[in-house]
Amino acid sequence: MHKRILQRALHNLQQQNPNTIIQPILLDSSTCISLIKQCKSIKTLKSLHALMIRSHLHTNLFFSTNLITQYSSLGSITHAYSLFSSAQASDVFLWNVMIRCFVESSSYERAVGLYCRMKEYGVRPDNYTFPYVVKACGHLRDVKLCRVVHGDVVEFGYEYDVFVDNSLMTMYGRCEQVGVSRQVFDRMSERSLVSWSAMIGAYAQNGFYKDGFALFRKMLSERIKPNRVAVLSVIPCVSSETDADEISRVIVEHRLDSEQSIQNAAMLMYSKCGRIDIARRTFEKIPNKDLIAWSSMIEAYAQADMPIEALDLLKQLKLQRIQLDYVTVLSVIRACSSLASLRQARFIHGFITKGSFQNELVLETALIDLYVKCGSLEYARKVFQRMQKRNLVSWSTIISGYGMHGRGREALDLFDQMKETEKPDHITFVSVLSACAHAGLIAEGWSCFNSMTKDFGLTPMSEHYACMVDILGRAGQLNEARVFINNMPIKPESGVWGALLGACRIHSNVELAEFAAKSLFELDPENPGRYVLLSNIYRSMGKREEADRIRALMKQKGVRKDPGHTIIEVKNKMYKFVVGEKSNPQTELIHKELDILMERIRIEGYVPDTNFVLHDIEEEMKEKMLYLHSEKLAIVFGILNSSPGSVIRIKKNLRVCGDCHTATKFISKVTEREIVVRDAHRFHHFKGGECSCGDYW
DNA sequence: GTAGGGTTAG
């Protein structure tokens, strides 16, 4: 009976005919609350609200708080706030509700602002106020503000409230103050499972994976039973297959293995530690895969650098007519950027344009990055120019794009434009400084580096110092680079030494190279590139024994050199070339054509640089070896299989070899082809015998 | 009416 009356009243409201509602129903308070909660649109809620005003019910605190909450959850924070403003504001409950509404609608500044007003008003915050306010502060990532609110927590006597403490830990975690989170955790007299999860989550979000994992183990040892959320918090801390297996056992033991959220997280966990096969098996075992399961698997493939498999999953998704969202598309984009296929990028762009996805700004930014990585700055620029809205991330993306393509001046112009509306952050400066490095803009690099602190109050991090070392080093200012590193106020990370070592390769400085390598082998002992670089420096200076010693060291430490390869897409198919590739069906033709091409460029003045051959063999043989480099094979294959005059795009997994760089310049001249080469660091555009990098690389 | 949490652009 009661339900029927309610339904009728609601129906009348939806018909915008509130007068037909029988007054006595509304006088019943539980009916009224039910009605408020059942309103599915602002319009209906407004009618009900009007009716309540006529019945003088709106002044009732309980009704107003319900109305405020409903307005807010229907998306109208404006209506919610206007109602709050007109209500009697002496009750802490009402303030709490309004602050919560601001937090839930992500208006964190307004939440904190309201909290301040509340105190000015003389309303004392209670144990319910702080979790909301603390959450808002965490999202604002303002450490000073966090400290002030934490002070209030202590002042008002909620320092030992488990809810407040749990939110404090998360707050400090969000502002990169994980040490303070831990202080809160240690000081707590009573801890709930949420406290442990919050602390583990704070470690995870800040990259303190070992600490997070250790705390999870400690929690288990104290016989605290983990639930779904606790396991989800520790999963990002997993860094090895052993860790992953350990977590898997915990999952099974506590019967959490049928939770889909756990299965989804487990896929990424295994893909992160190199077991994409287990990730895929987990995915296959999920009975009713939801969209997040599909997105997670696509993301797992993206992380494992398996774009073909990611695209294949997208195809299957479409076949099953599952409606995908922008998150799925983002994962597909990320997966494809390593493919470097402009055709694929165009396809995804079309796909996005045809569908209607949320978060346009985010998708467009991802698309800009994709076009950049597929070698088309032109398309990237077009997407950027057509954007309705831009933010810090989209500006940084396009700036980094220009930088990677060696167009430093334009990157700096964009940076100047950006500063009119956005405040650059650490990542923006990495983009700008590396743009300067790639283009050899020394003075501009210095000026940007200094401006970071002077104009924007940012403290340079190791990456920024690495860019500066790169700038100085490439320009041959090796001593300046060494002094610069010595004067660093923070400990140089491997990137800094790596930049120095790279500069030593260009400018043949063995002594400094050894100095840089010493630190590198400590900081980054697993990275094969560092060993290869040092060994090559020795070899190019004729120090064969030292070179062999480094190779032996590599072997001894079990570090394996990544085999170099080049990928090219021809007629919708990807072809992979390694040194001396013979499996390609056109091998014979490629070699014939290569011989002819090499003769043609020799006449134009190409001289092979046998420094780039590692083995100790006769000079003539060395030249032959150079001919067989994967870059050259791929380019010739491209020339043979594309129409005259079309652009050839190749992708090398390591840095492009110096001799291939020189040869490609000549090839672009004699064949009148534009050749775009993506390597591990940047792009080279070859045209008419020149490269966009101006040999500055 | 309170805290932790599965995919997510540089």
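Convention: sequence-line order gives letters A, B, ...; per-chain numbering from 1.
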**Q** Counting any heavy atom closer than 4.0 Å, what does A/Q260 reach on the DNA or RNA strands: base, sugar-phosphate only, or nothing?
**A** base
**Q** Looking at the base of B/dT7, is there any donor atom on it, or on the side chain of A/S295, that sits under 3.5 Å from an acceptor on the other one?
**A** yes
**Q** For the side chain of A/I292, counting heavy atoms from C-beta on, which of B/dG4, B/dT8, B/dT7 is nearest?
**A**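 Selected nucleotide: B/dT7.
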**Q** Which heavy atom in A/N96 sits nearest to a heavy atom in A/M118, and how many Å separate them?
**A** OD1-CE, 4.4 Å
**Q** Sequence neighbours left out, what passes side chain to side chain donor-acceptor pair (under 3.5 Å) with A/D245? Give chain and number order.
**A** A/Y270
**Q** As a test of reading the structure: which of B/dT8, B/dG1, B/dG10 is closest to the side chain of A/D369, going by heavy atoms?
**A**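 Ranking B/dT8, B/dG1, B/dG10 by closest atom to the A/D369 side chain puts B/dG10 first.
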**Q** Base, sugar-phosphate, or nothing for A/D325, non-hydrogen atoms under 4.0 angstrom?
**A** nothing
**Q** Can we say A/R191 and A/D165 salt-bridge, meaning some charged N sits less than 4.0 Å from an Asp/Glu carboxylate O?
**A** no
**Q** State whether the distance check finds a donor on one side and an acceptor on the other, under 3.5 Å, for side chain A/Y326 versus base B/dT8.
**A** yes
**Q** With a 4.0 Å cut-off on heavy atoms, is A/I333 in touch with a base, just the backbone sugar-phosphate, or nothing at all?
**A**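 The answer is nothing, as A/I333 stays clear of every strand by at least 4.0 Å.
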**Q** Which part of the nucleic acid, if any, lies within reach of A/D290 when heavy atoms closer than 4.0 Å are counted: base, sugar-phosphate only, or nothing?
**A** base
**Q** Look at all strands and tell whether A/S195 reaches a base, only sugar-phosphate, or nothing, counting heavy atoms closer than 4.0 Å.
**A** nothing
**Q** Report, as yes or no, whether the 6.0 Å neighbourhood of atom CD on A/Q358 holds more than 12 heavy atoms from other residues, nucleotides or ligands.
**A**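 Atom CD in A/Q358 is not packed in, count stays at 12 or less.
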**Q** Measure OH/A/Y128 against P/B/dG1 and give the value in whole Å, please.
**A**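 For the pair A/Y128 OH and B/dG1 P, the rounded distance is 9 Å.
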**Q** More than 12 non-hydrogen atoms from neighbouring residues, nucleotides or ligands closer than 6.0 Å to CD on A/Q316, yes or no?
**A**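 Yes, CD of A/Q316 has more than 12 neighbouring heavy atoms, counting only those of other groups under 6.0 Å.
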**Q** Please tell me which of the listed nucleotides, B/dG1, B/dT2, B/dT7, lies nearest to the side chain of A/F163?
**A** B/dT2
**Q** Categorize A/D161 for me: base, sugar-phosphate, or nothing, with a 4.0 angstrom heavy-atom threshold over every strand shown.
**A**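 Contact class for A/D161: none.
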**Q** How is A/E422 classified with respect to the nucleic acid when contacts are heavy atoms under 4.0 Å: base, sugar-phosphate, or nothing?
**A** nothing
**Q** Using whole Å, what does the distance between atom P of nucleotide B/dG4 and atom CE of A/M171 come to?
**A**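 One finds 12 Å between P of B/dG4 and CE of A/M171, rounded.
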**Q** Which residues within residues 381-392 of chain A lie with some heavy atom under 4.0 Å of an atom in DNA chain B?
**A** A/N391, A/L392
**Q** Please determine, for the side chain of A/L330, which listed nucleotide (B/dG10, B/dA9, B/dG4) has the closest atom?
**A**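 Selected nucleotide: B/dA9.
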**Q** Distance check needed: B/dG10 P versus A/N359 CG, whole Å only.
**A**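 To the nearest whole Å, that distance equals 14 Å.
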**Q** Can you tell me the distance, in whole Å, between the CZ atom of A/R174 and the P atom of B/dG4?
**A**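 Between P of B/dG4 and CZ of A/R174: 7 Å.
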**Q** Among the nucleotides B/dT7, B/dG4, B/dG1, which one has an atom lying closest to any side-chain atom of A/E299?
**A** B/dT7
**Q** Once side chain to side chain contact (heavy atoms under 4.5 Å, CB included) is applied, do any residues pair with A/L220, and if so which ones, sequence neighbours excluded?
**A** A/F216, A/P226, A/V250
**Q** Of all the choices, B/dG10, B/dG1, B/dT7, which nucleotide is nearest to the side chain of A/S296 once you look at every atom?
**A** B/dT7
**Q** With a 4.0 Å cut-off on heavy atoms, is A/T170 in touch with a base, just the backbone sugar-phosphate, or nothing at all?
**A**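 Answer is sugar-phosphate: A/T170 comes under 4.0 Å of backbone atoms only.
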**Q** For residues 174-197 of chain A, pull every pair meeting ring-ring contact (aromatic ring centres under 6.0 Å, His included), keeping only residues two or more places apart or in separate chains.
**A** A/F185-A/W196
**Q** Among B/dG4, B/dA3, B/dT8, which is the nearest nucleotide to the side chain of A/S167?
**A** B/dA3
**Q** Nearest to the side chain of A/Q303, which nucleotide is it out of B/dT8, B/dA3, B/dG10?
**A** B/dT8
**Q** Which of the following nucleotides, B/dG4, B/dT2, B/dA9, is nearest to the side chain of A/Y132?
**A** B/dT2
**Q** What's the closest nucleotide to the A/A366 side chain, out of B/dG4, B/dA9, B/dT2?
**A**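 For A/A366, the side-chain atoms sit closest to B/dA9.
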**Q** In whole angstrom, what separates A/I298's CD1 from B/dT7's C1'?
**A** 10 Å
**Q** Mind checking if A/S192 touches a base, just sugar-phosphate, or nothing, with heavy atoms under 4.0 Å?
**A**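 Touches a base.
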**Q** When you measure only distances, ignoring hydrogens and angles, does the side chain of A/T65 come within 3.5 Å of the base of B/dG1 through a donor and an acceptor?
**A** no
**Q** Answer yes when A/E253 and A/R249 have at least one side-chain N-carboxylate O distance shorter than 4.0 Å, and no when they do not.
**A**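 No salt bridge links A/E253 with A/R249.
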**Q** Going by side chain to side chain contact (heavy atoms under 4.5 Å, CB included), name the residues that satisfy it together with A/T397, two or more places apart in sequence or in a different chain.
**A**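 For A/T397, the residues satisfying side chain to side chain contact (heavy atoms under 4.5 Å, CB included) (neighbours in sequence not counted) are A/T365, A/I368, A/D369, A/V393.
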**Q** Answer with base, sugar-phosphate or nothing: what part of the nucleic acid does A/S261 contact at a heavy-atom distance below 4.0 Å?
**A**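 Touches a base.
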**Q** Return the value, rounded to whole Å, for the distance between atom NZ of A/K272 and atom P of B/dT7.
**A**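 Checked: the NZ to P distance equals 11 Å.
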**Q** Applying salt bridge (Lys or Arg N to Asp or Glu O under 4.0 Å), which residue pairs with at least one partner in residues 323-337 of chain A are found, sequence neighbours left out?
**A** A/E299-A/R334
**Q** In whole Å, I'd like the distance from the CE atom of A/M461 to the C1' atom of B/dG10.
**A** 13 Å
**Q** Within this structure, what is the CD1-to-P distance between A/I399 and B/dG10, rounded to whole angstrom?
**A** 15 Å
**Q** Ignoring hydrogens and geometry beyond distance, is the side chain of A/S396 in donor-acceptor contact with the base of B/dG10 at under 3.5 Å?
**A**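 Indeed, a donor on one side and an acceptor on the other fall under 3.5 Å apart.
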